[in-house]
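Keep in mind the model is a prediction, meaning the values are calculated, not measured.
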Amino acid sequence: MKIEFAPLHIPWERRLQTASVRQWFFCFFCMAQCSIALFILLLFTRFWLISALYAVWWAFDWDTPRKDGRSSHRVRNSVIWRYAKDYFPISLVKTADLDPSKNYVFGCHPHGILPAGGFINFCTEATGFSKHFPGLKPHPTMLSMLFRAPFFRDYVMSLGLIPSDKESVSYVLRKKEGGNIVILSVGGAKEALHAHPGAYTLVLDNRKGFVRLAIENGTPLVPVFSFGENELYDQIKNPTGSWVRWIQDRLQKIMGFSLPLFYARGIFQYTFGFLPYRKPIFTVVGKPIQVEKKHNPSQDEVDDLHKRYLEGLSKLFEEHKLKYNVPEDTHLSFI
């Protein structure tokens, strides 16, 4: 294998972009584990008081993630995220105005290996979320178990993230004053296993919990599609029925998250590594699908809204795919 090394003379702007994406990758693949290790390690050193005091704070702050979290304007507006946005680059595209007196549920697709479009657009202000949707506060979601990691939980909350469980999401959607958006990667861990370049397979056929939640709270559903998300990484072939997919499916059921075997480029060379490729991402926010509130919706009502959501998502994809270099004969596939 011939290794393609990065040129020695690269503008500082690009170096900073690479550094910002590198820290983003580290934070969401390694920081939780490192935080737990640091918390335990400090207990056996002369700095044990740091962990002890944090444990007291943690006990008092235990329910904060489930009650709207604790976002930080300073962290969300950090210059780091502007460099990360320019690395790809990433753009946020609005197709309709949203009423700040209402709450909304954004269904974000596809999940990708690590959803760069969803993160940069909704966890930061790098693409100007507040300017696109004034008066609305985004609440991206992630696995609930990650909020049990000391130190890490505070970091992700500062970015506006909340747990993806029903209790946490419902707390936000029940706010009568409105102005809140819950962002869900509906396909989740299973969809990451389909994240191959050129693939448009979404795990949605049996994902109806978010639809029921929207009906119970009378919250409009908004389909969101990130064109280019699946182009960031290559993934080892894992077709359905292969031994690789069989192992991945079993691990996903046991651990709650998937283990896609992915690769892209390195820091000092472009041949192999775990940094994403520099591929543009266009996150297109569709028009809201109005929902009639009902405390205990029937399965038929859930199925009907789910069907309307799939139709709205498909329409969004078809209307914009040619703008973002998706072949005309390509369509979304739902499994």
Side-chain angles (χ1 to χ4, degrees), residues 63 65-69 96 98-99 101-111 115 118 122 133 136-147 160-194 201-226 249 252-253 256-258 285-317 332-335:
D63 287 332
R66 294 197 296 266
K67 295 182 178 179
D68 199 14
L98 299 182
D99 185 352
S101 67
K102 295 181 179 181
N103 297 318
Y104 295 89
V105 172
F106 279 17
C108 207
H109 315 273
H111 182 281
F122 304 127
F133 301 104
L136 289 161
K137 181 180 178 182
H139 299 269
T141 58
M142 69 186 305
L143 283 173
S144 303
M145 62 183 292
L146 295 176
F147 287 87
L161 285 151
I162 62 172
S164 56
D165 59 80
K166 183 178 180 179
E167 179 184 354
S168 303
V169 172
S170 295
Y171 183 89
V172 173
L173 297 182
R174 283 197 296 262
K175 290 191 172 185
K176 295 181 180 180
E177 67 273 18
N180 296 283
I181 302 174
V182 171
I183 296 105
L184 301 171
S185 288
V186 183
K190 189 172 182 180
E191 193 170 274
L193 300 178
H194 297 273
T201 300
L202 304 181
V203 179
L204 264 175
D205 270 353
N206 295 312
R207 299 291 171 103
K208 300 180 181 180
F210 75 105
V211 173
R212 183 177 293 276
L213 201 61
I215 297 175
E216 291 174 348
N217 292 279
T219 309
L221 287 170
V222 180
V224 179
F225 196 89
S226 288
D249 287 340
Q252 190 261 321
K253 289 180 180 179
F257 57 89
S258 61
V285 180
K287 299 176 181 178
I289 300 169
Q290 298 305 318
V291 177
E292 183 178 347
K293 184 176 181 179
K294 189 170 185 180
H295 177 65
N296 188 24
S298 67
Q299 189 59 50
D300 286 342
E301 289 170 322
V302 171
D303 291 342
D304 178 66
L305 179 56
H306 183 263
K307 180 181 178 181
R308 286 198 288 134
Y309 180 81
L310 295 187
E311 291 172 349
L313 178 59
S314 296
K315 183 179 179 181
L316 179 71
F317 179 81
L332 290 182
S333 173
F334 301 117
I335 60 173

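Using modelled atom types, no side-chain atom of E191 and backbone atom of L202 make a donor-acceptor pair closer than 3.5 Å. Judged purely by atom type and a 3.5 angstrom limit, H306 has no side-chain atom pairing as donor or acceptor with the backbone of N206. Under the 3.5 Å distance criterion, the side-chain polar atoms of R66 are left unmatched by any main-chain donor or acceptor of P163.
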Can K166 and R212 be said to form a side-chain contact (heavy atoms from CB on, under 4.5 Å), step by step?
CA-CA 11 Å; K166 183 178 180 179; R212 183 177 293 276; 5.5 Å; no
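Heavy-atom contacts from other residues, nucleotides or ligands closer than 6.0 Å to NZ of K190 number 12 or fewer.
For the pair H109/L332, no side-chain contact is recorded, criterion being any heavy-atom separation below 4.5 Å from C-beta on.
H111 is linked by a ring pair (Phe, Tyr, Trp, His ring centres under 6.0 Å) to nothing, counting only residues two or more places apart in sequence or in another chain. Partners of F106 under the ring pair (Phe, Tyr, Trp, His ring centres under 6.0 Å) rule, at least two apart in sequence or in another chain, are F122. Annotation: ring pair (Phe, Tyr, Trp, His ring centres under 6.0 Å) contacts of F147 (sequence neighbours excluded): none. The side chain to side chain contact (heavy atoms under 4.5 Å, CB included) test applied to T141 returns I162, S164, V169, V182, L184, not counting sequence neighbours.
The salt bridge (charged side-chain N to carboxylate O under 4.0 Å, His left out) pairs that include a residue from residues 302-312 are K208-D303, D304-R308, where partners are two or more places apart or lie in different chains. Sorted by first and then second residue, the pairs that involve residues 168-183 and meet side-chain hydrogen bond (donor to acceptor under 3.5 Å, both in side chains), not counting sequence neighbours, are D68-K175, N103-N180, H139-N180, D165-S168.
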